[in-house]
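Read the structure below first, then the notes.
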2 protein chains.
Amino acid sequence: MKYSSNELLDDIDIQLLKHLGQDSNIATKDLAAKVNLSPSPVFERLKRLEASGFIKKYIAVLDAEKLSYGLMIFCNIKLKQHDKAIGSDFVKDVMQLKEVVECYNISGDYDFLLKVYARDMKHYQDFVFNKLGSVKSIGSTHSTFVMCENKNTHNINL
Amino acid sequence: MKYSSNELLDDIDIQLLKHLGQDSNIATKDLAAKVNLSPSPVFERLKRLEASGFIKKYIAVLDAEKLSYGLMIFCNIKLKQHDKAIGSDFVKDVMQLKEVVECYNISGDYDFLLKVYARDMKHYQDFVFNKLGSVKSIGSTHSTFVMCENKNTHNINL
DNA sequence: CTTGAAAAATGGAGGGT
DNA sequence: ACCCTCCATTTTTCAAG
């Protein structure tokens with residue numbers, strides 16, 4: 001069975017992923033035309049790419065600014081201590097916070113990096129003092145504010 | 001006309017955006033069932049939300065690891081000088097690099113923050129020395145490596 | 001918003017290279 | 001193993017009320 005372990009995708013699969021990573025609303029027949037196939041085999045390939053996890057899901061990309069989340073912040077976090085229990089406590093707590101859209105365990109001076117969306121500075125202040133402030137495992141934080149988003153492809157570029 | 005300037009979305013629009021931001025493959029009729037409406041008005045709302053830009057696009061979310069881009073790096077960049085021309089030169093150059101999936105102009109010690117995907121350390125080394133290395137406007141860089149992705153919602157949480 | 005109907009996409013069967 | 005054409009079913013799309 002194809003794609004079972006670490007099997008390679010062929011050129012057409014890569015083409016399909018490349019297109020769908022940028023626009024998934026394209027009709028199967030238009031996608032088929034782009035890779036010079038008929039809709040059926042393309043349809044079968046899509047189902048396989050979904051079932052095998054190369055495609056995780058399909059989403060609508062929303063305009064954060066229009067939805068009044070005009071402020072993006074990268075928040076660096078240092079834990080109080082570095083044992084496993086403290087770390088998983090932190091992750092569990094931070095997962096609940098709706099302002100946090102991404103959370104990474106990182107190398108360097110800080111332990112975690114959060115990408116945070118806030119309506120405005122007042123909202124972010126409340127987030128830091130009231131929400132992060134009540135997460136016990138946090139030692140210190142450092143915020144970096146985004147002034148301008150120059151590029152965001154939302155996917156790896158194959 | 002609805003949504004023309006800074007008009008408010010109603011509760012149902014927000015519900016629709018919330019669902020589509022997590023899964024856009026849902027059929028209109030299933031979406032309609034979730035908000036207790038028939039497919040037609042939901043369809044009309046979707047078209048308005050798309051036309052007015054609240055929904056920017058629809059994409060497939062790809063599995064970077066499975067596609068052998070197992071390494072994520074946040075690369076902080078300091079420019080040589082801080083005039084407008086140098087800044088836009090940098091943005092223009094960095095836009096071309098396929099390893100860079102996000103680029104932000106930020107506050108703090110560094111000028112830009114890049115989110116970078118690489119196959120492995122060798123690939124990233126090549127990226128820093130050969131690709132970033134040939135961008136004239138760059139003064140210095142500082143890389144932060146992602147050890148674990150704990151959360152990624154791919155959208156604001158309404 | 002509802003009804004209702006035309007247009008289109010989905011997903012399978014069966015056959016060919 | 002992969003692709004094709006054909007066709008039934010379902011879904012999308014868009015009138016008109």
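In what follows, chains carry the letters A, B, and so on, assigned in the order in which the sequence lines appear, proteins first and then strands, with residues in each chain numbered from 1. These values consider heavy atoms only, across backbone and side chains, with no hydrogens, waters or symmetry-generated copies.
Rounded to a whole Å, the CG atom of D10(A) is 8 Å from the P atom of dC2(D). Regarding R48(A), its CZ atom lies at a distance of 15 Å from the C1' atom of dG11(C), rounded to whole Å. In this structure, R45(B) atom CZ and dC14(D) atom C1' are separated by 17 Å, rounded to whole Å. D11(A) has its CG atom 12 Å from the P atom of dC3(D), to the nearest Å. When the C1' atom of dT10(C) is taken as reference, atom OH of Y58(A) falls 13 Å away, rounded to whole Å. Rounding to whole angstrom units, NZ of residue K47(A) and P of dT10(C) are separated by 8 Å. Note: CD1 (I12(A)) to P (dC2(D)) measures 11 Å, nearest angstrom. Atom CG of N36(A) is separated from atom P of dC2(D) by 18 Å (rounded to the nearest Å).
For N150(A), the side-chain contact (heavy atoms from CB on, under 4.5 Å) partners at least two apart in sequence or on another chain are C148(A), V91(B), C103(B), N105(B), F112(B). Judged as a salt bridge (Lys or Arg N to Asp or Glu O under 4.0 Å), and not counting sequence neighbours, K80(A) has no contacts. Contacts of V128(A) classified as side-chain contact (heavy atoms from CB on, under 4.5 Å), with partners at least two apart in sequence or in another chain: Y124(A).
A donor-acceptor pair under 3.5 Å links the side-chain atoms of N155(A) to the main chain of G21(A), judged by distance alone. A donor-acceptor contact shorter than 3.5 Å links the side chain of S134(B) to the backbone of N130(B). Checked by atom type and distance alone, the side chain of S107(B) pairs as donor or acceptor with a backbone atom of F145(A) at under 3.5 Å. No side-chain donor-acceptor contact under 3.5 Å links N76(A) to the backbone of L113(A).
Between the side chains of E50(B) and Y58(B), at least one donor N or O lies within less than 3.5 Å of an accepting N or O. Using modelled atom types, one finds no donor on one side chain facing an acceptor on the other under 3.5 Å when comparing E102(B) with H154(A).
At a threshold of 4.0 Å, the pair K136(A)-D89(A) does not count as salt-bridged, since none of the basic side-chain nitrogens sits closer than that to a carboxylate oxygen.
Helix-axis bend for the helix from dC1(C)-dG17(D) to dT17(C)-dA1(D): the local axis fitted to the five terminal pairs at one end deviates from that at the other end by 30°, rounded to 10°.
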N/O contacts under 3.5 Å, protein versus nucleotides 15-17 of chain C?
none

Tabulate atom names and distances for all N/O pairs under 3.5 angstrom spanning the protein and nucleotides 9-12 of chain D.
from	atom 1	to	atom 2	distance (Å)
dT12(D)	OP1	T28(B)	N	3.4
dT12(D)	OP2	T28(B)	N	3.1

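The shortest heavy-atom contact between S24(A) and A60(B) is CB-N, 3.6 Å.
Between dG11(C), dC3(D), dT2(C), one nucleotide has an atom nearer to the side chain of S40(B) than all others, and that is dT2(C).
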